[in-house]
Amino acid sequence: QVQLVESGGGLVQAGGSLRLSCAASGRTFSTYAMGWFRQAPGKEREFVAAITWGGSNTYYADSVKGRFTISRDNAKNTVYVQMNSLKPEDTAVYYCARKASGLYTSRTYYSSQSYDIWGQGTQVTVSS
């Protein structure tokens, strides 16, 4: 059973940076695309960023484009998101997720329904 464990969340001032990590168990990590989502209190879960299995293609929500960078290290079974220039509106629980196989169109990267395994989440709080 594949498990995803996020880390790296915390409290940071506006304008600061954090790097979230998501460590995956299992031997097939490198064959799956991965994504990051977030959920703020009272709001629906929303897409943040995604990366293809080999890392050659990345996808971002407009709200984080230019500030966040997703990457992965398949040798370490880990996916990252570097978050710079953080804003109070970035405050949320951040989740990493494994994208289900067989879904190849670009639009599928943006939907939470395309992901079949989720981590427990890590809290990011950005103070103003």
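Hydrogens, waters and symmetry mates play no part in the numbers below; they use all other heavy atoms, side chains included.
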Can you check whether [X] reaches [Y] side chain to side chain, under 4.5 Å on heavy atoms?
X      : Y     : answer
Leu18  : Leu86 : yes
Asn84  : Phe68 : no
Trp118 : Arg45 : yes

What's the spacing between [X] [atom1] and [Y] [atom2] if we round to 0.5 Å?
X     : Y     : atom1 : atom2 : answer
Ser25 : Gln3  : OG    : CD    : 5.0 Å
Lys76 : Ser30 : NZ    : OG    : 15.5 Å
Thr58 : Met34 : OG1   : CE    : 15.0 Å
Leu20 : Cys96 : CG    : SG    : 9.5 Å

Main-chain N/O of [Y] paired with [X] side-chain donor or acceptor, under 3.5 Å:
X      : Y      : answer
Thr122 : Glu6   : no
Gln82  : Thr69  : no
Thr52  : Asn57  : yes
Ser114 : Thr108 : yes

Think Arg98 forms a cation-pi with Tyr32, using NZ or CZ under 6.0 Å from the six-ring centre and within 45 degrees of its axis?
->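 Yes, Arg98 and Tyr32 form such a contact.
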
Ring-face cation contact, Trp53 with Arg72, 6.0 Å cut, 45° max | no

Report the C-alpha distance between Cys22 and Tyr95 in whole Å, list the side-chain angles of each, state the deciding distance to 0.1 Å, and finish with yes or no for side chain to side chain contact (heavy atoms under 4.5 Å, CB included).
-> CA-CA 9 Å; Cys22 172; Tyr95 300 89; over 6 Å; no

In terms of hydrophobic clustering (I, L, V, M, F, W, Y; side-chain heavy atoms under 4.5 Å; direct or indirect links), are [X] and [Y] co-clustered?
X     : Y     : value
Tyr80 : Phe37 : no
Val5  : Ile51 : no
Ile70 : Val64 : yes

Applying salt bridge (Lys or Arg N to Asp or Glu O under 4.0 Å), name anything that partners Arg38, two or more places apart in sequence or on another chain.
-> Glu46, Asp90

For [X] and [Y], which heavy atoms make the closest approach, and how far apart are they?
X     : Y      : result
Val79 : Phe29  : N-CZ, 4.0 Å
Pro88 : Ser128 : CG-CB, 3.8 Å
Tyr60 : Ala49  : CD2-CB, 3.7 Å
Ala92 : Ala40  : CB-N, 3.8 Å

Should we say atom NZ of Lys65 is surrounded by more than 12 heavy atoms from elsewhere, each under 6.0 Å from it?
-> yes

Is the count of non-hydrogen atoms from other residues, nucleotides or ligands lying under 6.0 Å from Glu89 atom CD greater than 12?
->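 Above 12, so yes.
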
Please test Val12 against Met83 for side chain to side chain contact (heavy atoms under 4.5 Å, CB included), starting from the C-alpha separation and ending with a verdict.
-> CA-CA 11 Å; Val12 64; Met83 307 186 296; over 6 Å; no

Exercise: do Thr78 and Asp73 side chains pair donor with acceptor under 3.5 Å = no

ring-ring contact (aromatic ring centres under 6.0 Å, His included) with Tyr94: which residues, sequence neighbours excluded?
->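 Scan of Tyr94 (ring-ring contact (aromatic ring centres under 6.0 Å, His included), adjacent residues dropped) gives none.
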
Sorted by chain and residue number, the ring-ring contact (aromatic ring centres under 6.0 Å, His included) partners of Tyr59 (sequence neighbours excluded) come out as Tyr109, Tyr110

Could you check Trp36 against Phe47 for side chain to side chain contact (heavy atoms under 4.5 Å, CB included), going step by step and ending with a plain yes or no?
-> CA-CA 7 Å; Trp36 285 95; Phe47 171 78; over 6 Å; no

